[in-house]
Amino acid sequence: MSDWLIYRGAGAPHDGIEHLPPPPPWRDFDGGPLVAPPAALDPSSERRLGVQHREASHHRPGETERELVNAALYLRRPLLVTGAPGSGKSTLAHSVAYELGLGRVLGWPVVSRSTLREGLYDYDAIGRLQDLQIARATPAGVQSATPPGDDPTDEPGGGIGRYIRLGPLGTALLPSARPRVLLVDELDKSDIDLPNDLLNVLEEGEFRIPELERLAGSAPEVEVLSDDGAQVTVRDGRVRCHAFPFIVLTSNGERDFPAPLLRRCIHLHIPVPDKERLAAMVRAHFGEGAAERYDAVIDRFLDREPGDVRAVDQLFNAIHLTQKAGWTDEDEEETRRRLTAELMRPLDRTR
């Protein structure tokens, strides 16, 4: 029965994405010519991605989690992931990207001021106007501050593409052979309108850039910057996906979402991990035998009053400190007990 799983949650890269079946007819998209895969990252970005990959390789999803991730992949639907803070909601997106070789996770951290336009693209109209004014105001025969060949007025559409950058959602919807992974983090923090604003984009797998649509007659193809920092071509002011991205929408459960959004998503709730799953996580992070060695710390993490909120990161912090502090035999147990209690203090308590 497990043969159908594309994402296996094994913590090791493989080519399973190549065996993903075609989408349902109602989720088959026909984006234009494919864009090139993202180019190599700069060293600092590579280091950050390496940290994310190490974290992703340690993620050990449960059976339901694996099955619903694969349901979202098969059906080309967003995955709405709910659960307590620190339960691994965001890590799941990185785990899928790492295991299936889908590149950098496109991250959109949502706040109360976030808008759909911000996720799709940004247009620096003021910067463009200023540059055009400078270019046009330079008298004939006077050396311009603009380097030769860099005059925006010489480019299609007056160089408008220089001033447009696709956001994480906009980049995820570029037509690519493989799906990109998009993490829309903490959607429940958004303004009340954003979940409804997302409906059409998630259903149609496309969006339009009005500033480029108006120029489609004279400049049908305009190069803009993607969230990856690469130049990509937008045709007729329209971006439509080829492979629907794997989208993870996370929520800490601070609000309810409208039924139309829920209808378009696969819903996964990650429960508070039990002892068996915590032990598996500890082994993945700290090696074989670690769960048995730190059994008392795991028990203390699970020993909580009704309603107390703790994140798994707190358990990892306590174990790591126990490993690295170099305590002596005489003071180790008392120090461990005291600091473990402090590091695993419930998140909803300030005193």
Side-chain angles (χ1 to χ4, degrees), residues 17-18 20 22-23 27-42 45 49 52 72-73 75-79 93-94 96-98 100-110 114-124 155-157 159-185 197-216 219-249 264:
I17 194 66
E18 302 294 342
L20 183 65
R27 298 296 291 168
D28 194 6
F29 301 97
D30 57 353
L34 302 183
V35 299
L41 299 172
D42 60 80
S45 298
L49 188 59
Q52 293 167 355
L73 286 168
L75 298 174
R76 275 64 168 186
R77 289 290 184 185
L79 186 69
H94 293 282
V96 173
Y98 173 66
L100 300 183
L102 300 179
R104 181 180 76 92
V105 173
L106 298 162
W108 183 13
V110 173
S114 297
T115 64
L116 176 62
R117 162 75 177 266
E118 170 193 309
L120 293 175
Y121 74 97
D122 176 67
Y123 172 46
D124 184 8
E155 298 176 21
I160 189 173
R162 296 179 177 212
Y163 307 94
I164 293 178
R165 180 166 187 149
L166 301 182
L169 175 56
T171 300
L173 292 173
L174 286 169
S176 57
R178 289 185 169 194
R180 294 297 301 270
V181 176
L182 170 67
L183 172 62
V184 183
D185 209 12
D197 293 342
L198 283 167
L199 297 178
N200 189 62
V201 174
L202 297 181
E203 188 64 26
E204 302 298 329
E206 70 174 23
F207 69 98
R208 298 178 183 275
I209 302 176
E211 293 85 356
L212 298 185
E213 277 191 304
R214 289 194 288 268
L215 301 173
E221 295 187 353
V222 176
E223 285 198 348
V224 303
L225 205 61
S226 73
D227 190 68
D228 296 309
Q231 293 286 336
V232 294
T233 301
V234 174
R235 293 169 175 82
D236 299 321
R238 174 175 175 257
V239 175
R240 180 173 174 83
C241 69
H242 176 80
F244 189 78
F246 179 73
I247 301 176
V248 175
L249 311 168
R264 288 165 170 81

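As a basis for the values below, the full set of heavy atoms in this structure was taken, side chains included, without hydrogen atoms, waters or symmetry mates.
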Of the options Val248, Val181, Leu182, which is the one that meets Val105 in a side chain to side chain contact (heavy atoms under 4.5 Å, CB included)?
Val181
[X] side, atom [atom1]; [Y] side, atom [atom2] - distance, nearest 0.5 Å:
X      : Y      : atom1 : atom2 : value
Tyr163 : Asp122 : OH    : CG    : 13.5 Å
Trp108 : Leu249 : CH2   : CG    : 9.5 Å
Phe246 : Ile17  : CZ    : CD1   : 9.5 Å
Asp228 : Leu106 : CG    : CG    : 5.5 Å
His94  : Leu102 : NE2   : CG    : 13.0 Å

Please enumerate all residues that pass side-chain hydrogen bond (donor to acceptor under 3.5 Å, both in side chains) together with Arg208, with sequence neighbours excluded.
Glu213
Stepwise, does the side chain to side chain contact (heavy atoms under 4.5 Å, CB included) test hold for Leu225 with Gln231?
CA-CA 5 Å; Leu225 205 61; Gln231 293 286 336; 3.7 Å; yes
Compare all side-chain heavy atoms of [X] with those of [Y] and state whether any distance is below 4.5 angstrom.
X      : Y      : answer
Leu198 : Leu169 : yes
Phe207 : Leu166 : yes
Val222 : Ile164 : no
Leu100 : Leu73  : yes

Are Arg214 and Ile160 close enough, and set up right, to give a side chain to side chain contact (heavy atoms under 4.5 Å, CB included), and what steps lead you there?
CA-CA 11 Å; Arg214 289 194 288 268; Ile160 189 173; over 6 Å; no
For residues [X] and [Y], report the shortest heavy-atom separation together with the two atoms involved.
X      : Y      : value
Val239 : Gly170 : CG1-O, 4.1 Å
Leu116 : Asp197 : CD2-O, 3.3 Å
Pro23  : Asp28  : CG-OD1, 3.7 Å
Phe29  : Glu204 : CE2-O, 3.2 Å
Leu212 : Gly237 : CB-CA, 3.6 Å
Pro179 : Pro245 : CB-CA, 4.0 Å

Tyr121: partners by ring pair (Phe, Tyr, Trp, His ring centres under 6.0 Å), with sequence neighbours left out:
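Checked Tyr121 against ring pair (Phe, Tyr, Trp, His ring centres under 6.0 Å); zero matches.
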Any donor and acceptor pair, going by atom type alone, linking the side chain of [X] with main-chain N or O of [Y] inside 3.5 Å?
X      : Y      : result
Arg27  : Arg76  : yes
Arg178 : Pro37  : no
Thr171 : Asp227 : yes

Return each pair, listed once, that meets salt bridge (charged side-chain N to carboxylate O under 4.0 Å, His left out) where at least one residue sits in residues 237-247; pairs must be two or more places apart or across chains.
Asp30-Arg240, Glu206-Arg238, Glu206-Arg240
